[in-house]
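Each residue takes its place number in the sequence, starting with 1. Both counts, for ligands and for their atoms, begin at 1 and track the order of listing.
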Amino acid sequence: MSANPLDNKAQAWSALFSEPMSELVKRYTASVGFDQRLWRADIQGSLAHAEMLAAQAIIAAQDLADIRRGMAQITEEIESGRFEWKLELEDVHLNIEARLTQLVGDAGKRLHTGRSRNDQVATDVRLWLRAEVDGLAALLVEMQRALVGLAARHAETVMPGFTHLQVAQPVSFAHHLLAYVEMFARDAERLADLRKRLNRLPLGAAALAGTSYPLDRARVARTLGFDGLCANSLDAVSDRDFALEFASFASICMVHVSRLSEEIVLWMSQNFGFIDLADRYCTGSSIMPQKRNPDVAELARGKTGRVVGHLMGLLTLMKGQPLAYNKDNQEDKEPLFDAVDTLRDTLRIMAEMVGGITVKAEAMERAALRGYATATDLADYLVKKGLPFRDAHEVVAHAVKSAMQQGLDLSQLPLATLQGFHSAIGPDVFELLSLRGSLDARDVIGGTAPVQVRAQIEAHRMRLG
Ligand code: ARG
């Protein structure tokens, strides 16, 4: 066995170099500190490549056997924490390849035939992200299930619906929760859609132009479960729009989580008092003994900033790069990793926390009554009696003003008083001035009537399985 050229990396890249890399440059350019988490994808990709090389008689069957044996040992070393990651070997790819050659000799040096780290890293990141995407898809289902499960108990629980955070019209708590289910369902669609473009194989592009070896790219794609090939070698090694798409998806999803978090914080505050969270999701104060803080929701809201920041970072990373590969691309990993980690942990914990929400139905109802939430219903009533809507709007404004002055709800005004505002008002008005009457009246697809909301819950349950 001849010497392992990768062992010389500590001194210089190749015979071409007359002095070693400076220590500072070594640290500055190395990525092994963070890209080692791609190791499993790297080995998976290398094995698929080696099998294809052997099938195409580019390497010998014995080489393939040696490579498999070496990779099995490396897998074992990494899993058990015994693998020695070396900074001078720069990244996960060179670390694994160097160890392979150490273990199996020349076969290890043949692995890189017809391949470059450029198409290798693009393949690794796609493989790694694909597995994470599938995990996140499952978590999005969990999140939706938790919301639907809570909603199923509250199709009749009335709360004030807000616009401008002012009481607007009564809605059911279930209806409010189902709005978030819609958001997360669209997030899941976005994720499934980006997966299609993510799941194409760059390997075979080599450094940038393709390779002169008779590679069978389709075979590698099949082995690795890719749906297709990147069709242009320059694009294959240099584009990271799958990462941009992922970060946009993640940002949008975190924005949805953040809005829900903000509402949880509000609902749990003493001024709203709509819900309570299980103790295990709250923290206390070191100075104020009475405090129970919704820290998880606040942090989820806060962590949205870093994910949106990663999207900005990745977009900026790409914007000035000429074709094809540039070392800039090494900077795609940390934002991508952190976006995945943050979203995964956030969805997991939010789904759990939502499942543990206690609803204070009386407080919600009281708040709805306080804000003249049924004023629109009175206007609609007058319209049905023949008034133009603008006139009805004006009549009700006078009624609300008078009720406010007396500190009463519209439904508490005597019939005679109401009739003073308009003679068309009859005793049947009280039914729809009630919160329940107001909900029932919104019996349109997508509306808050309990019968509609129940149908939605059923539809979501069917979809989510
Ligand atoms: N660590 C590098 C990255 O993450 C691998 C590819 C390096 N290719 C190169 N020609 N320097 O992008």
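In terms of heavy atoms, Asp276 sits closest to Arg292 at OD1-NH1, 3.1 Å.
From the protein, the heavy atom lying nearest to atom 8 (N) of ligand 1 is Asn118 OD1, 2.9 Å. From the protein, the heavy atom lying nearest to atom 11 (N) of ligand 1 is Arg117 NH2, 3.6 Å. With respect to atom 12 (O) of ligand 1, the closest heavy atom belonging to the protein is Tyr325 OH, 2.5 Å.
Remark: ligand 1 atoms within the under-4.0 Å shell around heavy atoms of Asp91 are 1 (N), 2 (C), 5 (C). With ligand atoms numbered from 1 in the order given, ligand 1 contributes 1 (N), 2 (C), 3 (C), 4 (O), 12 (O) to contacts under 4.0 Å with heavy atoms of Gln330. Listed by number with element, the atoms of ligand 1 under 4.0 Å from a non-hydrogen atom of Ser31 are 1 (N).
Between Lys327 and ligand 1, not a single N/O pair is under 3.5 Å apart. Taking distance alone, with nitrogen or oxygen atoms compared against 3.5 Å, His93 stays at or beyond that limit from ligand 1. An N or O contact shorter than 3.5 Å is missing between Asn329 and ligand 1 by distance.
The distance from atom CG of Leu315 to atom CG of Leu244, rounded to the nearest 0.5 Å, is 5.0 Å.
For the pair Arg130 and Phe226, the cation-pi criterion (under 6.0 Å, within 45° of the ring axis) is fulfilled. Both tests pass for Arg37 against the ring of Phe337: distance under 6.0 Å to the centre and angle within 45° of the axis.
For the residue pair Asp35 / Gln330, no side-chain donor-acceptor distance below 3.5 Å is found, with atom types taken as modelled.
Without hydrogens or angle criteria, Arg217 side chain to Cys230 main chain gives a donor-acceptor distance under 3.5 Å.
Contact analysis puts Lys333 in contact with ligand 1, with a non-hydrogen atom separation below 4.0 angstrom.
Judged as a salt bridge (Lys or Arg N to Asp or Glu O under 4.0 Å), and not counting sequence neighbours, the contacts of Glu77 are Arg99.
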